[in-house]
Amino acid sequence: YVRGIFKNLHGWFINCLRYLFCCFQDRAGQFFSSGHTNNWAVLVCTSRFWFNYRHVANTLSVYRSVKRLGIPDSHIVLMLADDMACNHRNPKPATVFSHKNMELNVYGDDVEVDYRGYEVTVENFLRILTGRLPPSTPRSKRLLSDDRSNILIYLTGHGGNGFLKFQDSEEISNVELADAFEQMWQKRRYNELLFIIDTCQGASMYERFYSPNLMALASSQVGEDSLSHQPDLAIGVHLMDRYTFYLLEFLEDIHPASKTNMNDLFKVCPKSQCVSTPGHRTDLFLRDPGSVLITDFFGSVRKVELTMETINLTDPIEQLESAESGELQKEMHTYADQLPVSEIIHQKPKQKDWHPPDGFILGLWTLILLVFFQTYGVKHLKHIF
Amino acid sequence: MGLLSDPNRRRALISLLTRLNTPICIVCYMAGVAWFMGLAFEPFTLRTYMSENAMGSTMVEERFPAGERALATGREFSAHKKRTGGMPVEWLMKTMQAKGLEVFTQRFSRTLPFPDENKERYMVRGTNVYGILRAPRAPRTEALVLSAPCSPGDNNNQAVGLLLGLAEYFRNQIYWAKDIIFLVNEHDLIGMQAWLEGYHHTNTTGTFCHSRGGSIQAALSLELSSDIITSLDLVLEGLNGQLPNLDLANLFYAFCQKIGVLCTIQGKLQRNDWDSVSGYSHAVQTMMLMVMKQASGRPWGDHGLFLRYHIEAATIKGVNSFRQYKTDATTIGRLLEGMYRKLNNLLERLHQSYFFYLMPSLSHFVSIGYYMPAFGLLAVILLLRALDLWVQLSTPPQRTEDGVTDIEPVRGVLSLLTPLVISHLTGVALYMLPIRFQEMAVEHFPVSETEAVVLTAIAVYTAGLALPHNTHRLLSGEGTEQGWRVLKLVAVLYLAVLLGCTALINFSLGFILALTLVPVAAFVTPHVPKVLSAFILVILSPACTLLFSVFFFQELQEMPISFQDGWLLFLSVISQGILDHSLYGSLVYPLITLLVYPCWLLFWNILFWN
């Protein structure tokens with residue numbers, strides 16, 4: 001009887017171990033589930049002038065969160081179109097506040113702006129994304145991502161249906177942006193990309209995306225305006241936009257080990273708080289958003305797990321016997337299509353406007369002419385022919 | 001065939017035009033007047049709103065604390081002013097320097113063409129004192145101006161005191177992106193003119209300003225003569241009827257509402273009952289006051305001269321009347337501080353809002369697109385008359401009884417030229433003689449120089465009425481039917497162009513002239529009853545229009561005057577007009593004498609053609 005119990009216990013123990021083992025394998029599986037090995041962030045504020053203080057504050061607060069969660073300055077490309085901290089009109093020089101009553105100075109004393117002032121142009125932005133920069137560009141101004149990089153791109157400024165205004169003089173359209181991302185995909189410059197935009201009618205900017213592994217969030221739908229949050233009377237301007245304000249509040253709760261996923265991010269700033277309806281797009285993304293951690297994009301997380309267990313890798317490595325020299329073995333090799341793009345992308349067929357068939361129009365006109373000449377007499381016909 | 005190229009249709013149109021000419025003209029005139037009166041009706045106006053994005057809303061925190069200290073400074077200023085009998089230059093310089101401004105003075109001297117009896121000055125000599133508050137971190141490329149006039153007697157002491165108090169407070173702030181120039185000008189408009197010319201290096205009535213602050217973006221002039229006020233009045237009309245950008249008025253109104261100060265325009269309080277008769281008539285009165293002030297072409301505050309340099313400027317007057325709710329100097333200081341902080345945020349000159357508008361009240365305005373059709377309807381009358389005359393001229397002359405027709409090919413032009421030249425020469429005489437011959441007039445008549453100038457002007461004007469009888473004696477024979485038609489065609493077109501150009505620059509002046517001159521132009525022919533028409537023509541002439549406007553203006557301001565006082569006021573208005581022209585370059589006097597009066601003389605000529 002004791003033997004039986006012992007056997008049971010043993011069996012139970014083995015089962016436990018197996019379960020834990022599977023757990024480890026699962027967790028190990030999870031450890032390898034997101035395919036990225038490094039994180040980059042491109043944070044862009046596109047508008048200048050003192051009354052657009054809030055756009056700089058938006059960008060700087062995302063910068064602050066991203067830096068706090070672990071992405072170093074060398075992996076952040078920060079583009080600010082105007083200098084609010086040292087603007088003559090700033091009653092608190094060298095600060096940019098995001099909360100009224102000056103609670104939080106997002107400018108800090110360790111901010112590194114890579115593209116400043118007039119350097120923030122559409123051309124520079126696209127060159128950063130696609131990597132086509134002149135050889136003399138310093139490393140801090142480059143996006144040196146590879147095919148294992150998760151990139152966060154944050155844009156803010158004034159926008160409209162299908163465009164974003166840069167510096168009051170030029171615009172980037174949603175088509176250009178989508179094409180830039182496709183170039184990045186074809187050059188294998190990203191693993192996954194999270195695109196956040198906080199402008200009026202921001203959802204129009206991600207409508208045209210067609211490359212895989214893109215997830216997009218916007219602060220308002222087409223036809224809606226993104227609103228600013230709160231003015232500060234001492235400084236005399238609005239300090240933040242609503243969407244980014246609530247995004248910042250949400251990110252303040254994230255720490256490098258948190259397990260919050262993208263579905264929580266989609267819930268940030270509902271219509272009751274934001275007045276506009278935030279939108280998101282996940283159809284191009286391979287993984288389920290529920291399994292994507294916030295820190296996959298906003299942080300640079302090095303997860304290290306110490307384990308005493310051995311993990312069996314499938315397909316043990318075998319040494320192949322070297323072939324005899326002399327006979328050249330020729331085999332046809334084909335590159336495996338790693339990412340079958342055509343299967344992933346489901347594009348809606350472009351709706352062409354319906355025209356009646358040409359022959360119909362011709363026939364109709366012939367009929368009209370014939371009726372005309374019938375009623376007014378055939379003698380007019382000879383004037384035509 | 002097109003409408004105008006088909007001869008049948010053309011004949012039909014033309015006959016319609018000639019048959020219905022007078023009714024259409026009358027309808028257009030009534031419609032024009034009705035449209036103008038309807039402008040003050042509130043549903044036809046728009047609410048004012050801030051157009052400039054950089055200025056945003058009134059979200060600043062005003063913290064000016066030192067209203068009482070400012071009033072004390074004002075009392076000191078008044079004591080020093082009494083002691084020196086003019087502008088206390090040294091005291092002002094010392095005070096401004098103590099507050100941390102860079103202080104400069106500018107001397108100027110001006111001799112008027114004849115003594116100004118209203119302000120009792122002839123040879124003017126004075127000093128402007130201005131202090132520049134340099135922006136702590138900004139380059140010296142842009143500036144704002146706050147000015148207060150140094151007036152004789154007890155006026156405007158509090159304004160200077162508040163100016164100095166604000167200077168001290170502004171000096172302690174670090175958020176200024178533009179230099180602020182605090183200006184105390186002597187001899188109000190003459191001093192301001194000298195300062196502006198010196199600052200912009202345009203002319204030399206005074207010395208050039210030593211130091212500048214960059215290009216001036218906006219300016220405010222303060223007139224405050226009492227410690228406590230009940231309301232603030234905004235004055236917008238400047239030289240030649242130019243108005244500042246509406247955004248400046250919007251800014252003022254927005255801050256008045258935020259701080260809770262009672263604000264008026266034209267001295268009239270706003271009413272909410274626009275659908276009642278009295279409410280509507282109140283709005284009409286406010287609008288008519290603005291029209292009258294704009295038509296006079298004089299600057300109605302020290303700000304009026306800034307507008308010529310494309311600097312948006314307005315005057316804020318403190319009014320102390322019998323009301324319960326009083327406002328103290330600290331509140332006025334806060335209002336000005338808020339306005340200046342908002343102007344500080346400007347990146348470009350104010351240009352987003354309207355430059356041409358009428359305001360029936362401080363919160364409503366009528367833009368040029370809405371009020372121009374009123375003038376257009378009046379101008380259409382002239383064009384219709386011209387078309388009618390053209391048609392009459394181009395129909396072949398009817399055969400007379402003995403079958404001989406008058407042929408007037410070339411002689412028409414020559415006979416046309418004579419009245420034109422003589423009328424314009426009269427106009428030139430009216431423009432130049434009064435000032436030139438004042439010494440001779442003073443020798444021969446027991447009048448002062450001012451009276452001499454004005455009475456000479458009236459004399460030349462009346463002498464012009466006697467002309468037609470003289471020009472006809474010059475010509476060989478009397479005028480013909482063709483002749484007066486050609487002259488009238490030319491005169492009508494000339495008047496149309498003249499009034500059109502005037503209305504573009506100064507709508508009020510153009511409209512008022514159109515109201516009186518267009519009926520004259522429309523109905524005058526040699527065949528109407530002479531005495532009655534002559535009388536009507538004189539009543540509708542520019543001088544009588546001015547006389548009636550004087551009385552009307554006094555009525556609108558609720559200060560009606562008797563006929564003698566009105567006549568004296570009329571004379572002083574003429575002298576002020578001539579002075580404005582020679583001192584500041586106001587264009588009303590040359591316009592009336594050189595262009596409108598000759599045009600009117602042409603019609604007088606036509607009346608006495610036979």
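Just so it is clear, the structure is predicted and the values come from calculations on it, not from any experiment. By convention in this document, chain letters (A, B, ...) are assigned in the order of the sequence lines, proteins followed by strands, and residues within each chain are numbered from 1.
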A.B. asks: State, with a plain yes or no, whether a side-chain heavy atom of A/R89 is found less than 4.5 Å away from one of B/R137.
C.D. replies: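 Side-chain contact under 4.5 Å: no.
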A.B. asks: Using a 6.0 Å cut-off, check whether atom CZ of B/R349 has over 12 heavy atoms from anything other than its own residue.
C.D. replies: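 Yes, CZ of B/R349 has more than 12 neighbouring heavy atoms, counting only those of other groups under 6.0 Å.
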A.B. asks: Which heavy-atom pair separates A/H88 from B/P139 by the least distance, and what is that distance?
C.D. replies: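 For A/H88 and B/P139, the tightest heavy-atom pair comes out as NE2-CD, 3.6 Å.
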A.B. asks: Where on A/N52 is there a heavy atom nearer than 4.5 Å to chain B: the side chain, the backbone, both, or neither?
C.D. replies: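 Neither part, no heavy atoms under 4.5 Å.
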A.B. asks: Counting only heavy atoms not in A/R68 (residues, nucleotides, ligands), do more than 12 fall under 6.0 Å from its CZ?
C.D. replies: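 Yes.
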A.B. asks: Do B/N53 and A/F51 have side chains that get closer than 4.5 Å, going by heavy atoms?
C.D. replies: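 Side-chain contact under 4.5 Å: yes.
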A.B. asks: Flag yes if more than 12 heavy atoms outside A/D109 fall under 6.0 Å of its CG atom; otherwise flag no.
C.D. replies: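 No - once you tally the heavy atoms of other residues, nucleotides and ligands closer than 6.0 Å, there are 12 at most.
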A.B. asks: Less than 4.5 Å apart, any side-chain heavy atom of B/E61 and any of A/P91?
C.D. replies: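 Result no, sub-4.5 Å side-chain heavy-atom pair not found.
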A.B. asks: With a 4.5 angstrom heavy-atom cut-off, could you sort out which part of B/A138 is near chain A: side chain, backbone, both or neither?
C.D. replies: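 Looking at B/A138, backbone and side chain both touch chain A.
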A.B. asks: Are there more than 12 heavy atoms of other residues, nucleotides or ligands under 6.0 Å from atom CZ of B/R134?
C.D. replies: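 Counting neighbours around CZ of B/R134, more than 12 heavy atoms of other residues, nucleotides or ligands fall under 6.0 Å, so yes.
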A.B. asks: CH2 of A/W50 to CG of B/L347: how many Å apart, nearest 0.5 Å?
C.D. replies: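 The CG atom of B/L347 is 11.0 Å from CH2 of A/W50, to the nearest 0.5 Å.
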A.B. asks: Which atoms form the tightest heavy-atom contact between B/V60 and A/G236, and what is the distance?
C.D. replies: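 So the minimum-distance heavy-atom pair works out to CG1-CA, 4.4 Å.
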